[in-house]
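Have a look at the structure below before the remarks.
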Amino acid sequence: WCRVSRIEDSDGIAVWVNTRSSSQIHRASRFCHEFRFLPLGDGTQMKQPIARQFEIKRANENAKIASEFPPQIRSQCHSEGYALQAFVPAKRLSGFDPDEHPQIGFHFIVSDRELGSHAMTLGDAFPTDADPSLWSTLEMVGG
């Protein structure tokens, strides 16, 4: 179930990224981003995938909404579910500099109306959609 008019209530994945990985802050900064990716729901027949950037609830300061969004996104729907791929270019992430800041905050929630929500770590009892201190830390390593 995916609707461009109700992205927050649709099946898909929400992804949060903090390019500064400050695990001590409880309110998002301009380095924190929220993206929503849906396998379908856009276009005249609602069969095209959707990608949107959102402002984070209760943020002290929100990241600039990326111009030229959406990123590259594609999906394949089948009877058992869907496969979804999305690519957000580094230049669309405010403050992304892995040489200077090799750790980033990261969190995701997969939502499905039939199967419920499944978070990367903490569940619905915690405000992971608004509190970057609850996100995991990823270490960026050179290629």
Side-chain angles (χ1 to χ4, degrees), residues 1-23 25 27-124 126-143:
W1 189 89
C2 301
R3 300 290 183 270
V4 71
S5 61
R6 296 182 56 192
I7 292 175
E8 296 92 338
D9 298 326
S10 295
D11 292 356
I13 184 168
V15 177
W16 291 268
V17 177
N18 179 358
T19 61
R20 290 296 188 264
S21 185
S22 178
S23 60
I25 64 168
R27 290 191 180 236
S29 72
R30 70 180 188 268
F31 302 111
C32 299
H33 307 76
E34 177 182 346
F35 300 100
R36 301 278 176 136
F37 304 106
L38 281 56
L40 48 86
D42 206 3
T44 56
Q45 295 182 338
M46 295 177 49
K47 302 249 185 226
Q48 299 300 314
I50 298 171
R52 296 286 188 277
Q53 182 179 356
F54 285 86
E55 291 186 345
I56 297 175
K57 299 177 208 170
R58 302 181 325 133
N60 281 333
E61 181 180 5
N62 268 293
K64 182 179 176 186
I65 300 294
S67 61
E68 301 174 25
F69 203 77
Q72 297 172 1
I73 183 170
R74 64 182 166 196
S75 69
Q76 293 178 324
C77 296
H78 43 82
S79 61
E80 291 93 37
Y82 59 87
L84 180 67
Q85 295 177 328
F87 174 76
V88 179
K91 65 183 179 178
R92 299 292 178 233
L93 297 173
S94 300
F96 182 71
D97 184 353
D99 293 329
E100 188 72 26
H101 301 277
Q103 294 183 331
I104 63 171
F106 184 80
H107 186 67
F108 68 83
I109 298 175
V110 177
S111 299
D112 183 283
R113 284 184 163 231
E114 293 178 17
L115 302 174
S117 293
H118 301 279
M120 179 179 177
T121 54
L122 301 170
D124 292 341
F126 296 89
T128 55
D129 63 336
D131 186 345
S133 72
L134 301 174
W135 303 350
S136 296
T137 300
L138 302 180
E139 180 81 25
M140 307 299 287
V141 295

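The chain is numbered in sequence order, starting from 1. Both backbone and side-chain heavy atoms feed into the values below; hydrogens, waters and symmetry mates do not.
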Mind listing the closest non-hydrogen atom pair of [X] and [Y] along with its distance?
| X | Y | value |
| --- | --- | --- |
| K64 | Q53 | O-NE2, 3.3 Å |
| P39 | L84 | CA-CD1, 4.0 Å |
| G41 | I50 | C-CD1, 3.6 Å |
| W135 | V17 | CZ3-C, 3.9 Å |

List the steps and the verdict of side-chain contact (heavy atoms from CB on, under 4.5 Å) for L134 and W16. CA-CA 11 Å; L134 301 174; W16 291 268; over 6 Å; no
What donor-acceptor contacts under 3.5 angstrom involve side-chain atoms of residues 99-111, with partners at least two apart or in another chain?
| from | atom 1 | to | atom 2 | distance (Å) |
| --- | --- | --- | --- | --- |
| H101 | NE2 | R20 | NE | 3.3 |
| Q103 | NE2 | E139 | OE1 | 3.0 |
| H107 | NE2 | T128 | OG1 | 3.3 |

Check: [Y] and [X] side chains under 4.5 Å, non-hydrogen atoms:
| X | Y | answer |
| --- | --- | --- |
| F31 | P132 | no |
| N62 | E34 | no |
| D131 | F126 | no |
| I65 | E55 | yes |
| Q48 | V4 | no |

Could you measure the distance from the CG atom of D42 to the CD1 atom of I73? Nearest 0.5 Å is fine.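 The distance works out to 9.5 Å.
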I7 CD1 to R36 CZ distance, which is reported to the nearest 0.5 Å: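 Here the rounded value is 9.0 Å.
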Less than 3.5 Å apart, which donor and acceptor atoms pair up between the side chains of residues 114-123 and the rest of the protein, not counting sequence neighbours?
| from | atom 1 | to | atom 2 | distance (Å) |
| --- | --- | --- | --- | --- |
| H118 | NE2 | L115 | O | 3.3 |

Holding to side-chain contact (heavy atoms from CB on, under 4.5 Å), I want the full list of residues that pass it with R74, two or more places apart in sequence or in another chain.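 R74: side-chain contact (heavy atoms from CB on, under 4.5 Å) contacts with Q85.
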Who pairs with S10 by side-chain contact (heavy atoms from CB on, under 4.5 Å), at least two apart in sequence or on another chain?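 Testing S10 for side-chain contact (heavy atoms from CB on, under 4.5 Å), a comparison that skips the adjacent residues, returns W1, C2, R3, L38.
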Can any side-chain N or O of [X] pair as donor or acceptor with the backbone N or O of [Y] at less than 3.5 Å?
| X | Y | value |
| --- | --- | --- |
| R27 | R58 | yes |
| D11 | R113 | yes |
| N60 | S29 | no |

Dump the intermediate steps for side-chain contact (heavy atoms from CB on, under 4.5 Å) on M140 and F96, then the final yes or no. CA-CA 11 Å; M140 307 299 287; F96 182 71; 3.9 Å; yes
Apply side-chain contact (heavy atoms from CB on, under 4.5 Å) to T19 and D97, showing your working. CA-CA 8 Å; T19 61; D97 184 353; over 6 Å; no
Partner set under side chain to side chain donor-acceptor pair (under 3.5 Å) for K57, not counting sequence neighbours: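 Residues passing side chain to side chain donor-acceptor pair (under 3.5 Å) with K57: D129.
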Side chain to side chain donor-acceptor pair (under 3.5 Å) partners of D9, counting only residues at least two apart: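 With sequence neighbours excluded, D9 shows a side chain to side chain donor-acceptor pair (under 3.5 Å) to R6, given in chain and number order.
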Flag if over 12 foreign heavy atoms under 6.0 Å of CD, Q76: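 Open.
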